[in-house]
Amino acid sequence: MALTTHPPLRLHARPPALAADFHHRRRLPPLRCLPSRRARLHPCRCTGADADAEKAQVQARRAYPYDEIEPRWQAHWEERRTFRTPDIGDGLDTSRPKCYILDMFPYPSGAGLHVGHPLGYTATDILSRFKRMQGFNVLHPMGWDAFGLPAEQYAIQTGTHPKITTARNIDRFRTQLKSLGFSYDWDREISTTEPTYYKWTQWIFLQLLKRGLAYQAEVPVNWCPALGTVLANEEVIDGVSERGGYPVIRKPMRQWMLRITSYADRLLEDLDDLDWPESIKEMQRNWIGRSEGAELEFCTVDQEGHDLDAKLTVYTTRPDTIFGATYLVVAPEHVSLPSLTSEGQRVHVEEYTEVAARKSELERTELQKEKTGVFSGSYAKNPVTGEIIPIWVADYVLASYGTGAIMAVPAHDSRDHEFALKYKLPIIKVVSPPNGNCDPEEAYAGDGIMINSSNSSSGLNINGMLSQDAALKVTDWVESNGFGKRKVNYKLRDWLFARQRYWGEPFPLIYLDDTNEMVPLSENELPLTLPELDEFTPTGTGEPPLTKATNWVKTTDLLTGKPATRETSTMPQWAGSCWYYLRFMDPKNSSTLVDKAKESYWGPVDIYVGGAEHSVLHLLYARFWHKVLYDIGVVSTKEPFKCLINQGLILGEVEYTAYRDNEGRWVSADSDSSLIDCHQEKVSADKITKVGDHYVLKDDPEIRLNARAYKMSKSRGNVINPDDVVSEYGADSLRLYEMFMGPLRDSKTWSTGGIEGVHRFLGRTWRLVVGAPLPDGSYKDGTMATDNEPTFEQLRVLHKCIARVSEEIQETRFNTAISAMMEFVNAAYKWDTQPKSVIDSFVLLLAPFAPHLAEELWFRLGHSQSLAYEQFPEAKDEYLKESEVVLPVQINGKTRGTILVDKECSEDDAFQKAASDEKLSKYLNGKGIKKRIYVPGRILNVILDQQKARA
């Protein structure tokens with residue numbers, strides 16, 4: 001993914017100069033290599049040589065005085081609002097290109113950040129700083145997706161109001177983010193829990209309601225009695241709630257729904273134009289699941305074939321296989337099931353549906369699970385064959401997809417085939433593979449040639465036709481004979497948009513007490529704020545906690561004066577995060593969701609960074625709302641997020657596991673004997689060593705260990721707190737290390753040894769510019785840079801670095817950009833002098849990655865203003881051309897070595913260099929030369945005179 005580029009612009013407006021009383025006045029207070037917080041909290045009690053050794057170790061660990069530098073520059077940025085983005089009409093130059101860079105809205109949990117969180121935040125910060133320095137107007141805000149179940153659960157457990165814990169969690173998150181030097185515009189900070197924000201969430205709901213996109217329906221939902229709320233399918237795993245692991249049952253309830261299916265085709269079609277990972281787009285396509293097929297009507301009959309005056313409609317994507325339909329299946333929740341169930345089967349059917357209600361949809365549709373079902377006691381007539389076929393009930397069919405009923409063709413569907421074998425139902429093959437080869441014991445699901453597919457009574461004959469042509473002919477036949485119609489279907493279901501909980505946005509609705517008529521609030525009544533509640537526990541009946549706020553629930557319709565009751569469900573957590581990117585454009589506007597001019601300038605989001613776990617729900621819901629807002633003229637673009645980047649996971653440090661048998665003896669992990677009965681034992685890294693591609697015990701190399709990195713979690717005890725890393729190594733070290741670990745999109749394993757290496761690099765950079773510490777540990781004022789004119793070689797090294805860093809940032813290959821800067825520092829240490837103009841440019845390259853250190857060095861280099869808006873260096877072509885080449889040298893046609901020569905090197909000069917080369921000289925000295933073949937820049941071939949050589 002290449003980021004959009006524009007010609008760099010020279011910046012005319014700068015942030016105000018540093019205040020005169022700021023820490024310099026051309027003179028800095030002494031900076032010292034202070035001991036780490038760990039060392040300060042646990043001072044060494046050693047004396048003499050041991051104390052000196054401990055002090056040396058502490059100073060070696062702290063490669064430069066980041067603990068003084070970083071707080072100073074964070075305070076400077078905050079005091080001067082360095083990263084504030086002006087509004088249109090308030091100083092923003094809209095003639096400049098814009099770049100809107102956004103992190104996915106974080107939920108401020110009580111646990112705070114771990115080191116995995118800053119991975120994406122650091123990437124967006126590098127891009128934001130880079131774009132500012134290229135002359136872009138950058139919008140880079142931060143806020144909080146703060147409604148949700150965790151805060152409410154904590155309130156139930158502790159009695160603390162979720163508003164209090166949410167504010168406390170936000171404060172902690174904000175402090176942690178600021179400690180990492182992220183260049184957010186904190187003036188635009190928002191929280192979904194603020195009434196000034198959710199006023200507009202409620203307003204959007206009213207627009208959906210006006211357009212028939214919000215409605216109420218009796219639907220089977222995932223009801224969790226312990227949590228007292230309805231859960232989305234994605235929040236249920238193996239029959240229990242994702243949060244807390246509480247049992248979940250299926251229960252019909254009247255709920256608010258959003259008609260996202262009305263936008264299914266647009267959500268599909270517009271994916272093609274997005275610069276998103278193809279895997280994410282494919283996941284959305286699969287989730288929407290568009291399919292073309294037919295709805296077919298089967299007349300229900302009794303066992304003797306007498307018509308029961310009822311029809312059962314099924315949906316199929318393979319109408320060509322209708323001659324192979326040997327039974328029908330309805331979902332346990334099908335609305336017609338009670339009337340389809342015979343008295344003799346009623347007890348069995350009710351028992352089965354009760355069991356099915358306790359399963360999640362994911363469990364029911366799992367291909368590997370054993371198929372179960374029960375006969376309904378009713379039958380149906382196949383419209384094309386006239387055959388009487390049974391109607392079964394099975395939980396692998398869902399009421400929410402298609403019509404909730406299917407025609408089962410066991411010869412050509414694996415699930416139907418497994419079910420038919422289990423319950424001894426007929427299997428009729430009607431499709432022959434094109435090559436005639438298929439496993440007779442398995443279902444063949446592909447296309448082919450139709451067989452066994454004709455009936456003289458119906459007059460339909462598709463034998464010998466290709467599957468696709470046969471499907472069209474069958475669909476034409478059922479339409480013309482009144483047995484069905486063409487139909488496009490979707491796996492996507494309408495969005496269940498209500499939760500039976502307290503901590504969420506209230507619905508702006510009331511119900512008149514006398515008629516139960518639903519009445520939306522007028523827009524001037526917004527926001528409808530949450531009432532204060534002291535009791536948040538679930539009612540256990542499905543009634544939401546808000547029913548306890550009787551003074552709030554009971555109200556009056558302002559238009560008619562009639563008594564009314566408020567809606568007591570609240571919106572799901574997804575609601576606030578569906579549109580927050582728009583509010584960042586205009587966060588203080590009280591009269592409209594977003595100003596049209598501001599939205600037109602800033603939209604859409606140019607770069608959106610977050611985890612792949614949000615690939616379906618958040619992104620799909622946000623796209624849906626955005627398209628609705630586009631249709632009503634609120635936004636000017638069809639899509640909210642132009643470019644999507646998914647950062648990888650940061651796993652915990654590698655854990656080494658050894659095994660012991662019941663006698664306490666070590667057992668190698670590659671042993672032929674079973675490890676199941678062995679005891680596992682974690683082994684510390686200092687007791688293992690690597691041999692080839694595996695790890696063994698140092699004391700017993702025959703014992704191989706298992707080595708694995710796990711996702712960070714409190715339960716494993718492998719969470720790394722960024723606060724501790726910042727204290728020990730500094731924020732710039734953490735930022736740089738997370739970018740240096742590997743490609744942004746890949747998962748990576750945390751290593752404390754790795755961050756120490758990056759910290760040493762920053763220390764080397766500091767000493768390159770500032771010089772070594774004085775005997776007392778402080779540093780002198782100023783820098784080691786000189787006013788000397790740089791040499792051509794120094795400029796060549798610099799501009800190669802500029803070119804690489806610029807390209808790698810554009811392509812989000814941050815790890816290789818850091819490698820380029822490391823190569824520059826290595827080269828610069830070999831120079832006799834460090835010209836200031838070269839060091840200036842390098843510090844600007846470093847700035848997006850290690851902003852605190854870069855600001856300090858920039859200031860010491862004599863600049864009085866922050867470098868945040870300085871022009872990012874540009875590489876000049878004349879310094880990128882290689883002036884030297886590696887020239888292969890052949891003797892009698894056989895390559896014997898290489899020499900380094902100027903590109904314009906003459907043949908004589910190349911020969912003289914080869915003759916003086918230590919390795920090549922033994923082939924040339926004292927030998928007669930018959931001829932030389934020289935291709936400049938390509939090869940030197942010396943042909944020896946063999947006669948003279950023998951003489």
Side-chain angles (χ1 to χ4, degrees), residues 23 29-46 54-78 106 108-119 121-122 125 168-184 650 652-653 685 712 714 717-741 749-767 773 777-779 849-857:
H23 74 280
L31 292 176
R32 300 176 181 273
C33 279
L34 300 178
S36 66
R37 181 175 69 176
R38 183 183 300 168
R40 293 198 299 271
L41 292 174
H42 306 284
C44 177
R45 295 186 177 89
C46 304
E54 173 67 16
K55 181 179 179 182
Q57 288 177 5
V58 168
Q59 292 200 354
R61 239 184 358 250
R62 298 174 64 76
Y64 68 102
Y66 60 83
D67 59 330
E68 297 183 43
I69 294 170
E70 292 178 354
R72 177 158 61 229
W73 285 101
Q74 288 165 16
H76 170 76
W77 295 328
E78 184 160 358
S109 69
L113 296 176
H114 65 63
V115 292
H117 293 114
L119 180 64
Y121 302 156
T122 303
D125 193 61
R168 185 167 61 225
N169 294 347
I170 287 174
D171 287 344
R172 184 179 182 196
F173 259 67
R174 187 191 302 109
T175 299
Q176 288 183 300
L177 292 177
K178 287 185 176 182
S179 76
L180 294 170
F182 296 137
S183 60
Y184 294 121
I650 292 184
E653 294 211 54
M712 289 187 186
K714 287 190 290 185
N718 64 348
V719 173
I720 306 292
N721 188 328
D723 297 349
D724 296 335
V725 179
V726 170
S727 172
E728 194 68 19
Y729 299 100
D732 284 342
S733 294
L734 176 60
R735 292 167 58 109
L736 212 65
Y737 174 58
E738 296 211 352
M739 294 298 98
F740 191 58
M741 291 172 77
T749 302
W750 180 267
S751 167
T752 301
I755 195 169
E756 288 173 352
V758 167
H759 184 63
R760 286 194 297 271
F761 161 68
L762 292 177
R764 293 190 76 221
T765 303
W766 169 260
R767 292 189 300 276
S778 65
Y779 290 87
F849 297 85
H852 307 89
L853 176 59
E855 289 274 24
E856 184 72 22
L857 295 177

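These values consider heavy atoms only, across backbone and side chains, with no hydrogens, waters or symmetry-generated copies.
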Checklist entry - Is Trp766 close to Leu857 at the side-chain level, that is, under 4.5 Å between some pair of heavy atoms? => result yes
Next on the checklist: Could you check, using the six-membered ring where one of them is a Trp, whether His759 and Tyr64 have ring centers closer than 6.0 angstrom?
Outcome noted: yes
Checklist entry - Any side-chain donor-acceptor pair under 3.5 Å between Trp77 and Glu855? => result yes
Item to check | Nearest-0.5 Å distance, CG of residue Leu734 to OG of residue Ser727 | outcome: 12.0 Å
Checklist outcome for this item: Residues Ala731 and Ser179: closest non-hydrogen pair is CB-O, 3.3 Å
Next on the checklist: Within the structure provided, determine whether Gln74 and Lys178 are in side-chain contact (heavy-atom separation under 4.5 Å).
Outcome noted: no
Next on the checklist: Working note: Leu119 + Met739, criterion side-chain contact (heavy atoms from CB on, under 4.5 Å); need CA distance, chi angles, decisive distance, verdict.
Outcome noted: CA-CA 7 Å; Leu119 180 64; Met739 294 298 98; 3.6 Å; yes
Checklist entry - Nearest 0.5 Å, what's the CG-CD1 distance between Leu762 and Ile69? => result 10.0 Å
Item to check | Donor-acceptor under 3.5 Å (Tyr66 side chain, Glu728 main chain) | outcome: yes
Checklist entry - Closest heavy-atom contact between Phe173 and Ser109? => result CE1-O, 3.3 Å
Checklist entry - For Asp732, which residues count as a salt bridge (charged side-chain N to carboxylate O under 4.0 Å, His left out) partner, sequence neighbours excluded? => result none
Checklist entry - Quick one: ring pair (Phe, Tyr, Trp, His ring centres under 6.0 Å) partners of Tyr184, sequence neighbours excluded? => result His140, Phe182, Trp186
Item to check | Separation of Leu177 CG from Leu113 CG (nearest 0.5 Å) | outcome: 5.0 Å
Item to check | Arg760 side, atom CZ; Tyr729 side, atom OH - distance, nearest 0.5 Å | outcome: 9.0 Å
Item to check | is_close_aromatic(Trp750, His114), centroid dist under 6.0 Å | outcome: no
Item to check | With sequence neighbours excluded, residues passing salt bridge (charged side-chain N to carboxylate O under 4.0 Å, His left out) with Arg174 | outcome: Asp171, Glu189
Item to check | Heavy-atom closest pair, residues Ile170 and Pro108 | outcome: CG1-CG, 3.7 Å
Next on the checklist: Just by distance, no angles: are the side chains of Thr752 and Glu653 close enough, under 3.5 Å, to form a donor-acceptor pair?
Outcome noted: yes
Next on the checklist: Please check: side-chain N/O of Arg735 versus main-chain N/O of Ala850, any donor-acceptor pairing under 3.5 Å?
Outcome noted: no
Next on the checklist: Nearest 0.5 Å, please: how far is CD1 in Ile650 from CE in Met741?
Outcome noted: 4.5 Å
Next on the checklist: Contact between Tyr779 and Pro65 at the side-chain level, heavy atoms closer than 4.5 Å - yes or no?
Outcome noted: yes
Checklist entry - When rounded to the nearest 0.5 angstrom, what is the spacing between OG in Ser733 and CZ in Phe761? => result 10.5 Å
Next on the checklist: Any donor-acceptor pair under 3.5 Å linking the side-chain atoms of Asp723 with those of Gln176?
Outcome noted: yes
Checklist entry - Does the side chain of Val725 reach to within under 4.5 Å of the side chain of Ile720, using non-hydrogen atoms? => result yes
Checklist entry - Taking the side chain from Arg767 and the backbone from Gly763, do they hold a donor-acceptor pair closer than 3.5 Å? => result yes
